[in-house]
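A, B, ... follow the sequence lines: proteins, then strands. Residue 1 opens every chain.
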Amino acid sequence: MSAESADRNSSARAEGLEKFTKPYDPVETEQRMYAGWQEGEAGKKRGGYFNPDNLPEELTAQNGKPFTIIMPPPNANGSLHAGHAVFVAIQDLITRFRRMQGYRALWLPGADHAGFETQVVYERQLEKEGRSRFGMDPDQLRDEIMAFTLHNKSFMEGQLRELGASCDWSREKFTLDPEIRKIVYGTFEQLHKDGLLYRGKRSINWCWKHQTSLSDLETESTEENSPFYYFNYGPFTIGTVRPETKFGDKYVVMHPDDKRYAEWKHGDTFETEWINGPITATVIKDEAANMEMGTGVMTITPWHSAIDFDIAKRHNLDMEQIIGWDGKLLPIAGEFAGMRIAAARPLIAKKLEEKGLLVKTDTEYKNAVKRCYKCNTVIEPQIKDQWFVSMKPLAQKAIEAIERDEVVFYPEHYKKIVLHWLTNIEDWNISRQIVWGIPIPAWYRGDEIAVGEEPPAADDGKGEWIKDPDTFDTWFSSGQWPYATLGYPAGEDFKNFYPTQVMETAGEIIFFWVARMIMLGIYRTGQVPFKDVYLHGLVVAKDGSKMSKSKGNVISPIELAEKYGTDALRMGLIIGNTPGTSTALYEDKIKAYKHFANKLWNIARFIFDNSHEQQQAGTLPPAPETDADRALWDEMTALTADVTKDLEEYRFYMAGEKLYQYGWHRLADEIIEESKTIFAASSTDVSDPAAYSRRATLRLLLSQLLKMLHPFMPFVTEEIWCAMPEHTAKLIVTPWP
RNA sequence: GCGGGCUUAGCUCAGUUGGUAGAGCACUCGAUUUACACUCGAAUGGUCGGGGGUUCAAGUCCCUCAGCCCGCACCA
C-alpha cells in the first residue's frame, strides 16, 4: 500500500468509513437499517417511513397523491416460500419507487386465516399426533387452530421484515379481525337483500375425506381410463362408467330428436329387471342427452350428477341419495351397502353380467375424474343445502369494467383469459363444512331463513332459530380484501386510498382471487378495487420443474437471504422475471447478485478514497465542470429517464438489468478505470481541473445510481448513501431523480 | 369443445411503437499486488421452430403448418 493510500484509509477510518475496507456484510447491515426506517422521525405516528402519514414534507410537496398496494395476505400456516419472496421483491420495489416519487405510498400488509388450507395443514399435524378433527369438540378445534395460526402469523411477519418489506405495519389487517368480519357480513347481507344470494339444494362437489363441499376451483380434473359398460335396460341399451349409482335409476333419458327412439313418447313407462330386482322406468325426453354418446340413451342419478340434477329439476323427477356422506353405498345398494365405490363397481358390473344384462364393456374409455385439490380424493357430486352467490350479474359489471380498461392486466393476455372465465362463470358455493373460518351469519327455523349476525326474536312461539353450522369459503372474505382492509365504507383510509393502484400477485390465483375482488369490489363500492394487475409467474427450480417437498427441490428464500443478503435475493428475483412467466430460482444466480452488492460497495470505497477529503474540505464543485464529465452526466440523465419509464410501465426486469449493466460495466469498468489515470496524473493537486471536476462527478453519479437502485437493493444502497455526508435525509425518503 | 401461451447462443431467458441479433451462467485464452479474486480484458457461439405474405426494412405485423405447455367446461 502506498503512503498516500494509507493516509486516505486512515482518514476514512477517522470518519467511520473503515467498514469500506472490508467486503460488504449484509447480515450486519440489514437489521440495523430496517429498524432505522421503521423508526422514521421522532414525534410521528407508528410505522416510521413505511406509514405514508409520516413522510417528510420535502418529499411529498411536489406530488403527495396517494399510491396504494394491498399486499396479498400470506396464508398464516407456515413459513414464507419463494413465491412470497417474489411478491415482496416486486411490491416493495414499486412502493419504494413511488414513495421516492413523492406519492404518499401505502403498502398495506395482512395475513389470511386461509380457512380450508390452514385446516388441512392442521389436520396433518393432528394426524401425526394420532388425533383427528372428527370427534373433537368444534370449539376446542377452533381454539387450537387459532393458536397455531397466530403463531405462524407472527413468525411470517418477522420473515417479511427480513425481506425488507417497507409495508405499513401500523395498518396491518388479519382476515379474522372483528372489523373485517363486520364488512364481510355486510356484504353477505347486501347480497341477500339484492337477491344475489340463495340457499338451496344444489349439486355440489363433496370430498368425503375432508367432509366438506368445495367450489369448482377447488377441484382438479384428471383424465383417467375407466371401463364403460353397456347394459340392457328394458328395451334400451344404456352406457355408464358408474354402475354403482344406478340402484335407484328409474328414468331413461333420450334426445327428443333422436330418430332411433321416435316411437317412445315422453312419459311412457315400462317394466324391467334391474340390479336388485324389477323396477318401473319412465321415458324422459331432454335435449341434454347426447345422441353421439354411447347409444344415445342414459339413465340418470340426480343426486350424484350435476347434469342429471338439472334434468331432474326440469322435469320435476324424484331424487334419491345412493352414496353416503362418508363415501360408502347406502342401504338402497342391498348387498353392496357399506362398500366404497372403487370396490363395489366391478362387483356390480359382474352381478349385472350374471343376470345377462351386460352387453359389452369398452375398456379403452377415458373420462375426466374430479378430485379434491388437497387430498386427491375422488369428488362425489351430492345434493346439499348451501349458500350460492349468483355470479352472472356481478360478472357482467366486471366484464364491462375490464373491457373499458378500468382494470389493466400485465401481461396483457390475461385480459382475455379473465374475460373468458367471467363470461362462462357458474354460481359460487360459499358454504364450507369446516370450523376454521368466518361463521355464516344465517339462521333457520323450519323453512324460514334469516340473515344476520344475531338470530331474529323467537318470542312468537314458533320455536328457536338454529344457527347455520357452516363457515365461508375463505375466498369470500379475501375477495373483499381491498376495501375491507381500508375500512369501507366510512374510514379515512378508504376515502384516501381506494381504489388502489396496483394488485400484484401470482397468476395462479387469477380466478380464485383477482377476478372475485374485481366483482365484489365493483358490487360493494361501485368502483374497481385496483387499476393495474401485475401477475408474476411461478417460482421454479433451475431445471424449470415445480418446487415441491416430495421432490426435495424446495429452496427457502429466507436461507438464501441469510447467506447472500436480502438485496442479492431480491435482485435475483427481479432480473429475468417477466410478468406471467415462471422464474427460476437457484443459488448461483443469487450469488451473482451478492457480487454485485459488493461491487457497489467497492465503487463507493474507491470514490470515497479519492474524494472524501475534498468533500469534507468543501472543495468540490456542485456540478461537472469539464466537457467529459458533463457528457457522463448526460449519459446518466438518459439512463434515469429510461429506467423511470421502465419502472412506470412495469418492466422491472429491464430497469434492473440496465442499472446492473451501468453500475458494473460502465461506472466501474470504464469510468472509474479512466478516473484512475486522471487522479494519478493530478496527484493531490486540488486545482487540477480534470480531477477537481471528476471527484464531484463520481459522487454525483454514485448518488444517482444509489437512488435508482434503492427500490431493488434497499439495504446496501441506504448503507452507502448514509456514509456520504452530503446527504442529510435517508435514501428511503430522498426524491427520485 | 372454448380459451391462452411457448419455440431466439451449450443452458436460463431478454428483445417496449417493425430500423445493423442481446444479457447472465457455462466454456476457451490471457492479465493483474489491486477500489473489488465477490477482479479485469478478449475470443467462441444464433439460417430467431418450418413455409408463405405485407413492407424500403420482420425475431417483432398477418396467414399457415409442426412440436411443447397451461387454463376452463363437458363427458351416461
Between [N] ([atom2]) and [X] ([atom1]): distance, integer Å:
{"X": "I603(A)", "N": "rC40(B)", "atom1": "CD1", "atom2": "C1'", "result": "14 Å"}
{"X": "W513(A)", "N": "rG71(B)", "atom1": "CH2", "atom2": "C1'", "result": "20 Å"}
{"X": "N602(A)", "N": "rC40(B)", "atom1": "CG", "atom2": "C1'", "result": "14 Å"}
{"X": "W421(A)", "N": "rG3(B)", "atom1": "CH2", "atom2": "P", "result": "18 Å"}
{"X": "D216(A)", "N": "rG71(B)", "atom1": "CG", "atom2": "P", "result": "15 Å"}
{"X": "W664(A)", "N": "rG41(B)", "atom1": "CH2", "atom2": "P", "result": "10 Å"}
{"X": "H413(A)", "N": "rC70(B)", "atom1": "NE2", "atom2": "P", "result": "14 Å"}
{"X": "M391(A)", "N": "rA73(B)", "atom1": "CE", "atom2": "P", "result": "13 Å"}

(message) Which nucleotide wins on minimum distance to the side chain of K594(A), given the candidates rC38(B), rG71(B), rA35(B)?
(response) rC38(B)

(request) Would you indicate which nucleotide in rA35(B), rG71(B), rG4(B) comes nearest to any side-chain atom of H420(A)? (result) rG71(B)

If only side-chain N and O atoms of [X] are considered, is one of them under 4.0 Å from the OP1 or OP2 phosphate oxygen of [N]?
{"X": "K676(A)", "N": "rA35(B)", "answer": "yes"}
{"X": "K416(A)", "N": "rG4(B)", "answer": "yes"}
{"X": "K366(A)", "N": "rC74(B)", "answer": "no"}

Would you call the rings of [X] and [Y] parallel, tilted or perpendicular, where under 30° means parallel and over 60° means perpendicular?
{"X": "F20(A)", "Y": "F608(A)", "answer": "perpendicular"}
{"X": "F231(A)", "Y": "W274(A)", "answer": "perpendicular"}
{"X": "Y660(A)", "Y": "H665(A)", "answer": "perpendicular"}

For nucleotides [N] and [M], find the distance between their [atom1] atoms and express it as a whole number of Å.
{"N": "rC40(B)", "M": "rG53(B)", "atom1": "C1'", "answer": "49 Å"}
{"N": "rC6(B)", "M": "rC74(B)", "atom1": "C1'", "answer": "27 Å"}
{"N": "rG15(B)", "M": "rG52(B)", "atom1": "P", "answer": "27 Å"}
{"N": "rG51(B)", "M": "rU28(B)", "atom1": "P", "answer": "35 Å"}
{"N": "rC61(B)", "M": "rG5(B)", "atom1": "P", "answer": "11 Å"}
{"N": "rC68(B)", "M": "rA23(B)", "atom1": "C1'", "answer": "25 Å"}
{"N": "rG24(B)", "M": "rU20(B)", "atom1": "C1'", "answer": "23 Å"}
{"N": "rU47(B)", "M": "rG22(B)", "atom1": "P", "answer": "15 Å"}

Using a strict 4.0 Å threshold on nitrogen-to-oxygen distance, state whether [X] and [Y] make a salt bridge.
{"X": "E320(A)", "Y": "K250(A)", "value": "no"}
{"X": "K645(A)", "Y": "E648(A)", "value": "no"}
{"X": "D25(A)", "Y": "K19(A)", "value": "no"}
{"X": "E224(A)", "Y": "R371(A)", "value": "yes"}
{"X": "E613(A)", "Y": "R695(A)", "value": "no"}

Counting any heavy atom closer than 4.0 Å, what does [X] reach on the DNA or RNA strands: base, sugar-phosphate only, or nothing?
{"X": "V241(A)", "value": "sugar-phosphate"}
{"X": "I307(A)", "value": "sugar-phosphate"}
{"X": "A668(A)", "value": "base"}
{"X": "F228(A)", "value": "sugar-phosphate"}
{"X": "D308(A)", "value": "nothing"}

(request) Evaluate whether atom CD of E559(A) has more than 12 neighbouring non-hydrogen atoms of other residues, nucleotides or ligands under 6.0 angstrom away. (result) no

(request) Would you name the heavy atoms of P557(A) and L569(A) that are closest together and state the gap between them? (result) O-CD2, 3.5 Å

(request) Could you provide the dot-bracket string of RNA chain B, using ( ) for intrastrand pairs, [ ] for crossing pairs and | for bases paired to another strand, with Watson-Crick or G-U pairs below 3.5 Å? (result) (((((((..((((.....[..))))..((((.......))))......(((((..]....))))))))))))....

(request) Specify the residue among D669(A) and T222(A) whose closest nucleotide of RNA chain B lies further upstream toward the 5′ end. (result) D669(A)

(message) Judged by each residue's nearest nucleotide on RNA chain B, which is more toward the 5′ side, F606(A) or S305(A)?
(response) F606(A)

(request) Could you please spell out the steps behind the side-chain contact (heavy atoms from CB on, under 4.5 Å) verdict for Y373(A) and I379(A)? (result) CA-CA 10 Å; Y373(A) 82 124; I379(A) 291 294; over 6 Å; no

(request) Could you run through nucleotides 11-32 of chain B and give me one letter per nucleotide, 5' to 3': B if any protein heavy atom sits under 4.0 Å from the base, S if only the sugar-phosphate is that close, - if neither? (result) ---SSB------SS--------

